[in-house]
Novice: 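For reference, the structure I am asking about is given below.
Counting begins at 1 with the first residue of the sequence. Small disclaimer: the values here were computed from a predicted structure and weren't measured.
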Amino acid sequence: MKHGNNYKFNLIKENLEYAIKSRGETKNSFSKKTGITRTTLYNILGEKVDNIQIQTIEKIAAFLGTSRSIVESYSVEFIEKKSQLMSVDGNQNPICVPVLKGCEYSPFKHSAIGELVSLVPIVPYFGTENNLLGIVVDVHVNGDYKDGTLLIVERYKIDALADIVYLDKKDLIQVRGADYNLRQGEILIGCVRGIRVNYLAHS
């Protein structure tokens, strides 16, 4: 079957190939670790199916530590490579994290970290993660955090122990517990790596 015009299928297939290769897996070991049958893997990689089941996409996403929406919409390889670049086009944080209020997030949601650090306020952060963004809780952010709290978010990542941050269908930022499962139409922003209470009061 040809999928030349099926952008979504080709992107998922590309992300599947990257997941296997970049993590040093074989198709057999990948199958065992994810629960995706070898038959399903060979059918996707050989383009012998028209559609890929949601459950399969979610397993690929879980293996890569991200969400289904990212696997369906972006090149994970591109995201991860940009996370290692320390430049205006990259997402590695040179000791600082760009900060946006919740109401300011939407226009910058696709901006590289290297671009944001020259456009918005920054805060120092001590950690080993890359692709970090600060989001200040305001009326555009729903969750258990008080207004003025700064959330340090690792973009495009899901962590079993960290709160998840995402955009809902109304383009509002939501913060939920680590066990939350994204629904159709919700877009992953990332997971919370740090918190600073009363950030606005001290800035």
Side-chain angles (χ1 to χ4, degrees), residues 61 64-183 185-203:
L64 287 166
T66 189
S67 72
R68 176 165 58 94
S69 65
I70 295 296
V71 170
E72 291 176 329
S73 307
Y74 299 94
S75 164
V76 176
E77 180 178 12
F78 181 73
I79 289 172
E80 291 190 348
K81 284 185 175 178
K82 284 196 76 173
S83 293
Q84 303 306 316
L85 294 175
M86 187 180 290
S87 72
V88 119
D89 296 320
N91 290 321
Q92 183 172 344
N93 293 81
I95 317 172
C96 60
V97 175
V99 176
L100 295 166
K101 294 178 182 176
C103 62
E104 300 169 331
Y105 175 77
S106 197
F108 295 103
K109 61 187 174 186
H110 298 301
S111 298
I113 297 298
E115 176 187 1
L116 287 174
V117 294
S118 64
L119 297 175
V120 301
I122 56 175
V123 296
Y125 177 80
F126 300 95
T128 57
E129 300 90 355
N130 296 319
N131 205 0
L132 297 173
L133 176 68
I135 298 176
V136 181
V137 175
D138 61 12
V139 295
H140 292 81
V141 181
N142 295 319
D144 294 330
Y145 297 99
K146 293 182 180 179
D147 283 5
T149 299
L150 173 65
L151 306 177
I152 304 295
V153 178
E154 184 178 6
R155 297 195 302 178
Y156 313 127
K157 284 290 183 181
I158 291 178
D159 187 318
L161 301 176
D163 285 352
I164 187 171
V165 185
Y166 64 94
L167 279 178
D168 66 14
K169 294 177 183 179
K170 296 180 180 178
D171 226 24
L172 292 175
I173 297 173
Q174 304 285 345
V175 186
R176 297 288 180 265
D179 58 348
Y180 181 79
N181 292 313
L182 289 173
R183 299 172 184 169
E186 296 174 342
I187 301 172
L188 176 70
I189 296 175
C191 64
V192 177
R193 292 303 189 195
I195 300 165
R196 296 187 188 176
V197 180
N198 298 324
Y199 165 76
L200 284 183
H202 298 99
S203 62

Novice: Using atom types as modelled, flag every donor-acceptor pair under 3.5 Å from a side chain in residues 132-140 to any protein atom, sequence neighbours excluded.
Specialist:
unit_1, atom_1, unit_2, atom_2, d
D138, OD1, H140, N, 2.8
D138, OD2, G102, N, 3.2
D138, OD2, C103, N, 3.0

Novice: At their closest point, which heavy atom of D168 faces which heavy atom of E186, and how far apart are they?
Specialist: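 D168 and E186 have their closest heavy atoms at CA-CG, 4.3 Å.
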
Novice: Between L64 and E80, which heavy-atom pair has the shortest distance, and what is it?
Specialist: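 Distance-wise, the nearest heavy atoms are O-OE2, 4.5 Å.
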
Novice: Which atom pair, heavy atoms only, marks the closest approach of Y156 to T66?
Specialist: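 The pair with the smallest heavy-atom distance is O-OG1, 2.6 Å.
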
Novice: Report the residues that fulfil side chain to side chain contact (heavy atoms under 4.5 Å, CB included) with F108, sequence neighbours left out, ordered by chain and then residue number.
Specialist: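 Counting only residues at least two positions away or on another chain, F108 forms a side chain to side chain contact (heavy atoms under 4.5 Å, CB included) with L100, S111, L116, L119.
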
Novice: Using side chain to side chain contact (heavy atoms under 4.5 Å, CB included) as the criterion, list what pairs up with N142, not counting sequence neighbours.
Specialist: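 Listed in chain order: L172, Q174.
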
Novice: Looking only at heavy atoms, what is the nearest atom pair of S106 and D171, with distance?
Specialist: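 Smallest interatomic distance, heavy atoms only, reads OG-OD2, 2.7 Å.
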
Novice: Can you give me the closest heavy-atom contact between A160 and A178, atom names plus distance?
Specialist: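 Of all heavy-atom pairs spanning A160 and A178, the closest is O-CB, 3.2 Å.
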
Novice: Measure the shortest side-chain to side-chain distance between V123 and R196 over non-hydrogen atoms and say whether it is less than 4.5 angstrom.
Specialist: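 Yes, close enough: below the 4.5 Å cut-off.
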
Novice: Please tell me if the side chains of N131 and K82 come closer than 4.5 Å, counting only heavy atoms from C-beta onward.
Specialist: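 The answer is no, as the side chains (C-beta and beyond) never meet within the 4.5 Å cut-off.
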
Novice: What are the two closest non-hydrogen atoms of P98 and I122, and how far apart are they?
Specialist: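 Taking P98 first and I122 second, the nearest heavy atoms are CA-CG2, 4.0 Å.
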
Novice: Sequence neighbours excluded, which residues qualify as side chain to side chain contact (heavy atoms under 4.5 Å, CB included) partners of I187?
Specialist: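 Only L167 meet the side chain to side chain contact (heavy atoms under 4.5 Å, CB included) criterion with I187.
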
Novice: How long is the straight-line distance from CD1 of I195 back to CG of L151, given to the nearest 0.5 Å?
Specialist: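 Separation between the atoms: 6.5 Å.
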
Novice: Counting C-beta onward and ignoring hydrogens, is there a side-chain heavy-atom pair between V141 and Y105 closer than 4.5 Å?
Specialist: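 Side-chain contact under 4.5 Å: no.
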
Novice: How would you list, by chain and number, every residue that makes a side chain to side chain contact (heavy atoms under 4.5 Å, CB included) with S75, sequence neighbours excluded?
Specialist: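 Listed in chain order: L11, E14, E77, F78.
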
Novice: So do the side chains of I158 and I164 get within less than 4.5 Å of each other, counting heavy atoms only?
Specialist: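 Counting from C-beta outward, I158 and I164 do come under 4.5 Å.
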
Novice: Taking only residues two or more places apart in sequence, or in another chain, which ones meet D147 in a salt bridge (charged side-chain N to carboxylate O under 4.0 Å, His left out)?
Specialist: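 If we apply the salt bridge (charged side-chain N to carboxylate O under 4.0 Å, His left out) test to D147, skipping adjacent residues, there are no hits.
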
Novice: What's the spacing between I189 CD1 and K109 NZ if we round to 0.5 Å?
Specialist: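 Spacing of CD1 (I189) from NZ (K109) equals 9.0 Å.
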
Novice: Does Y166 reach the side chain of R183, with side-chain heavy atoms less than 4.5 Å apart?
Specialist: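 The answer is no, as the side chains (C-beta and beyond) never meet within the 4.5 Å cut-off.
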
Novice: Between E154 and D159, is the side chain to side chain contact (heavy atoms under 4.5 Å, CB included) condition met? List the steps.
Specialist: CA-CA 10 Å; E154 184 178 6; D159 187 318; over 6 Å; no

Novice: Taking the side chain as every heavy atom from C-beta outward, state whether Y180 and L182 have any pair of such atoms under 4.5 Å apart.
Specialist: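 Yes, at least one pair of side-chain atoms sits under 4.5 Å.
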
Novice: Looking only at atom types and distance, does a side-chain atom of S118 sit under 3.5 Å from a main-chain N or O of E115, one as donor and one as acceptor?
Specialist: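 Checking the backbone N and O of E115 against the side chain of S118, a donor-acceptor pair under 3.5 Å is found.
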
